[in-house]
Amino acid sequence: MKKVIESKAAPAAVGPYSQAILANGILFASGQLPLNAQTGKLEEGDISAKATRCLENVKAILEEAGLGFSDVVKVTVYLTDMSDFAAVNAVYAKYFSAPYPARSCVAVAALPLGGTVEIEVTAATKCC
Ligand SMILES: CC(=[NH2+])C(=O)[O-]
């Protein structure tokens, strides 16, 4: 049994995927690029503005599922330039608080639509 989660406050999928799927109490959210949900375009500005947009998109999807950042159990951060690591961490720390979710951060050669950061989360609707 699975349920599609669709938020109008987050950007529409740019390919054949859902924004998120809820299955067995776990929310699997697709990676969020720094796309503006209204314009469908990449956020202007520096990496901090772009990471903020990614996390605002994540927030909209979590809220659509009745969840919040404290329900997130795993995050993957994709960067095209690892020199953005510190700046993205600074933004990230505004959204997550201890105990932090597990996380991986990886550098990739490229992201869709020319993005420089993409953030993907998995969240749990109930503990254990
Ligand atoms: C942007 C994204 N999540 C994808 O799979 O293309």
Side-chain angles (χ1 to χ4, degrees):
M1 178 84 172
K2 63 182 187 181
K3 181 179 174 191
V4 175
I5 302 297
E6 182 81 41
S7 169
K8 292 201 186 320
V14 297
Y17 61 89
S18 299
Q19 286 178 342
I21 294 289
L22 188 57
N24 293 330
I26 306 289
L27 183 81
F28 300 89
S30 295
Q32 289 300 303
L33 292 163
L35 289 170
N36 182 300
Q38 272 68 51
T39 64
K41 293 196 162 59
L42 286 172
E43 187 76 32
E44 300 283 339
D46 63 10
I47 188 64
S48 299
K50 292 178 195 302
T52 299
R53 174 50 52 202
C54 292
L55 287 164
E56 287 295 321
N57 294 342
V58 168
K59 183 178 175 192
I61 292 169
L62 289 170
E63 286 179 349
E64 189 67 32
L67 300 172
F69 283 99
S70 63
D71 299 305
V72 174
V73 294
K74 177 68 170 62
V75 182
T76 307
V77 178
Y78 302 93
L79 301 173
T80 57
D81 184 348
M82 198 49 82
S83 69
D84 289 332
F85 184 67
V88 170
N89 272 339
V91 172
Y92 186 94
K94 294 179 186 165
Y95 286 84
F96 291 96
S97 50
Y100 297 108
R103 194 184 88 174
S104 304
C105 181
V106 295
V108 294
L111 288 164
L113 309 181
T116 52
V117 54
E118 180 175 327
I119 300 177
E120 174 190 303
V121 306
T122 303
T125 59
K126 54 186 181 290
C127 184
C128 315

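Quick note: residue numbers are just sequence positions, from 1. Every number for a ligand or one of its atoms is a count from 1 in the order of the listing. Values below: every heavy atom of this structure, side chains too, minus hydrogens, waters and symmetry copies.
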Open item on the list: Below 4.0 Å, non-hydrogen atoms only: which portion of Gln32 touches ligand 1? Side chain, backbone, both or neither.
Closed with: neither
Open item on the list: With a heavy-atom distance limit of 4.0 Å, tell me whether Leu111 approaches ligand 1 through its side chain, its backbone, both, or neither.
Closed with: neither
TODO: Could you check atom 3 (N) of ligand 1 against the protein and tell me its nearest heavy-atom contact, residue, atom and distance included?
DONE: Gly31 O, 3.1 Å
TODO: If you have a sec, work out which protein heavy atom is nearest atom 2 (C) of ligand 1 and how many Å separate them, to one decimal?
DONE: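 That would be Tyr17 OH, 3.3 Å.
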Task: From Lys50 atom NZ to Asp84 atom CG, the distance as rounded to the nearest 0.5 Å - done: 10.0 Å
Open item on the list: Would Glu118 count as a contact residue for ligand 1, given that I'm defining contact as a non-hydrogen atom of the residue lying under 4.0 Å from a ligand atom?
Closed with: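 Yes; Glu118 lies near enough to ligand 1 that a heavy-atom distance drops under 4.0 Å.
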Open item on the list: Going by the rule salt bridge (charged side-chain N to carboxylate O under 4.0 Å, His left out), which residues pair with Glu64 if we only count those two or more places apart in sequence or in a different chain?
Closed with: none
Open item on the list: Under 3.5 Å, is there a donor on one side chain and an acceptor on the other for Thr52 and Lys94?
Closed with: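 No.
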Open item on the list: Considering only residues two or more places apart or on different chains, which pairs with a residue in residues 47-75 satisfy ring pair (Phe, Tyr, Trp, His ring centres under 6.0 Å)?
Closed with: Phe69-Tyr95, Phe69-Phe96
- [ ] Could you list which atoms of ligand 1 come closer than 4.0 Å to a heavy atom of Pro112?
- [x]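 Answer, ordered by atom number: 6 (O).
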- [ ] Give the minimum heavy-atom separation between Leu111 and Thr116, together with the two atoms involved.
- [x]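 Of all heavy-atom pairs spanning Leu111 and Thr116, the closest is CD1-C, 3.6 Å.
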